[in-house]
Amino acid sequence: SFDYTLKPHATIPAPEGPLMVCILDGFGENEFKDAFNAVHVANTPTVDALRAVPKRFRTIKAHGTAVGLPSDADMGNSEVGHNALGSGQVVDQGARLVDIALETGKMFEGDGWKLISQAFPGNTVHFIGLLSDGGVHSRADQLVGCLRGAAARGAKRIRVHILTDGRDVPDGSSVKYVADLEAVLAQLGSEGCDAKIASGGGRMKVTMDRYEADWSMVKRGWDAHVLGKAPHTFTDAKTAIVTLRGPEDAPVSDQYVDPFVIVDEAGKPVGTIEDGDAVVLFNFRADRMVEISKAFEYAKFDTFDRERFPQGLRFVGMMQYDGDLKLPANYLVPPPEILHVSGEFLVKNGIATFAISETQKFGHVTFFWNGNRSGYLDAKQEQYLEIPSDKIEFNKAPDMKAREITEASKEAILSGKYKVIRVNFANPDMVGHTGDMAATVRACETVDACVKELIAAVDSVNGRWLVTSDHGNADDMVQRDKKGKPLMGEDGKPLPLTSHTLAPVPFFIGGKGLPDSVVLRGDVPDAGLANVAATTLNLLGYEAPAIYKPTMVENAAA
Ligand code: 3PG
Ligand code: CO
């Protein structure tokens, strides 16, 4: 069995007070320091001062292969980012594992595929998921790989239930993804497989809720996908989206498109989910698939009224989304195995931890942090606190729950009960995703003020702190051409960027309890998020395990 013993660090003494690990979600250090960089435009005296401290500020990689994604063209995201931060290792992530399973054909030999193929001759195969190539939750080319794979292996009737994006990809792009999908479905049709889009809606309105923030989203999805019920029906998906987005000068975002159902000439839904059908959730990322998985998987379920629960479904996820709950039981590709996460070292060495965020990021700083494990690693050593998020579009209240998180964190810091206090502020990310520049500037200013308070609290008890982020977002709020020039729409207004960025993220260390001689090393220029865990253990006065990416700190006096 694995040895979790932590040895005292050779040159860095243990702190008197606690260590705070603070994640400013979506707060990148972007090379474009212009009017569209909300991190740059915001008035942030706290982080500005931190940036000026020699040898205690650097940037670290937060995207692409540094966090286990297929290529360096992939922006980072909170799942892979928090996995890397918490585990100290880089593992192949869902996006990459699905690519490999499709390239090698392994997907089509697995048990999950065998299960859905039982429905190929006589029943319908349904695919539900996010239709874009954002690569955060799903990728359209992987969906197409599955669709072609099913048709080639005998599926006779396929229905796709699409969730429009506009969050990991530019708003308005859903129409193009639908056109591309329709072309594939038509081709399958010409080859003898009846394949159609059956229902859909915006990802922030339908099906893709996370962390039980708003189950009504999942109910709307169930109603549309399974029952064929929605407030709007159309005979084709493009018309559905164009109509529901509304006026071109003030459209509803792809993220918030109302649920819709596609009907035939007689007004009958073309693809309700019936007894014996197969259902594939084609997203690989877990957080926004857990709730809908429960609705499909659990015979006994009372979170909302399903009205009709199809019998004998062959239900699979692209991956297993929760390894502890074994949810879903059947899946197409085994998920990444993330072992020996830093939290396990902490609990096994009696190091008490407090972790906090608001609902929207709560699972990030617990479930993803712990290598996709739900619940406590050890309830005796840990305390997790979730502050309920507002159920609104976050540009309308860009302070979100940052003040409440700060108050509760300060209490934990001053309590003397914890050696590690882990905090995630959602604002730069969640407000950044709305594309609203002014609100995102405000989000950055709010978290800057909160960091100031937290540092003061840590200093008051001779503690140490590190402040970083999981990926960029607020640091670029405009779409750009290849040379970085902001793109303007036909109306002359800048085209908003709602997605994450490829930017590295800041990494700051300090604290009244940190000896002046403990500084950032100069010899790990390529460090990324996975180097944070070893650094954290060093700042707690322990040597890091050999399996972790190297630390970024040293005691220069030793
Ligand atoms: C989301 O799910 O909100 C976005 O697709 C990604 O954002 P996150 O990775 O920051 O959660
Ligand atoms: Co995000």
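One-based numbering along the sequence shown. Just so you know, these numbers come straight off a predicted model, no measurement behind them. Counting convention: from 1, in listed order, for ligands and their atoms alike.
Salt bridge present: Asp287 and Arg285 bring a charged side-chain N and a carboxylate O closer than 4.0 Å. Salt bridge absent: Arg373 and Asp322 never bring a charged side-chain N and a carboxylate O closer than 4.0 Å. A salt bridge links Lys219 and Asp223; the closest N-O separation between the charged side-chain nitrogens and carboxylate oxygens is under 4.0 Å. In summary, Lys294 and Glu291 do not engage in a salt bridge, as defined by a charged side-chain N under 4.0 Å from a carboxylate O.
For a distance threshold of 2.8 Å, the protein N, O or S atoms nearer than that to the Co ion (ligand 2), listed by chain and number, are Asp429 OD1, Asp429 OD2, His433 NE2, His500 NE2.
Contact annotation: the side chain of Val91 never approaches that of Glu337 to less than 4.5 Å [non-hydrogen atoms, C-beta and beyond].
Between Tyr211 and His364, the ring centre distance stays below 6.0 Å.
Checking each of Asp74, Asp168, Asp99, Asp165 against Arg139 for a salt bridge (charged side-chain N to carboxylate O under 4.0 Å, His left out) leaves exactly one that passes, namely Asp99.
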Legend entry - Phe57 and Phe507: CA distance, side-chain angles, deciding distance, ring-ring contact (aromatic ring centres under 6.0 Å, His included) verdict: CA-CA 6 Å; Phe57 161 61; Phe507 185 77; 9.4 Å; no

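Residue-level contacts of ligand 1 at the 4.0 Å heavy-atom threshold are Asp25, Asn77, Ser78, Val136, His137, Arg167, Asp168, Arg203, Arg210, Arg285, Arg288, Lys361, His364, Asp429, His433, His471, His500.
A side-chain N or O of Asp25 and one of Asn424 form a donor-acceptor pair less than 3.5 Å apart.
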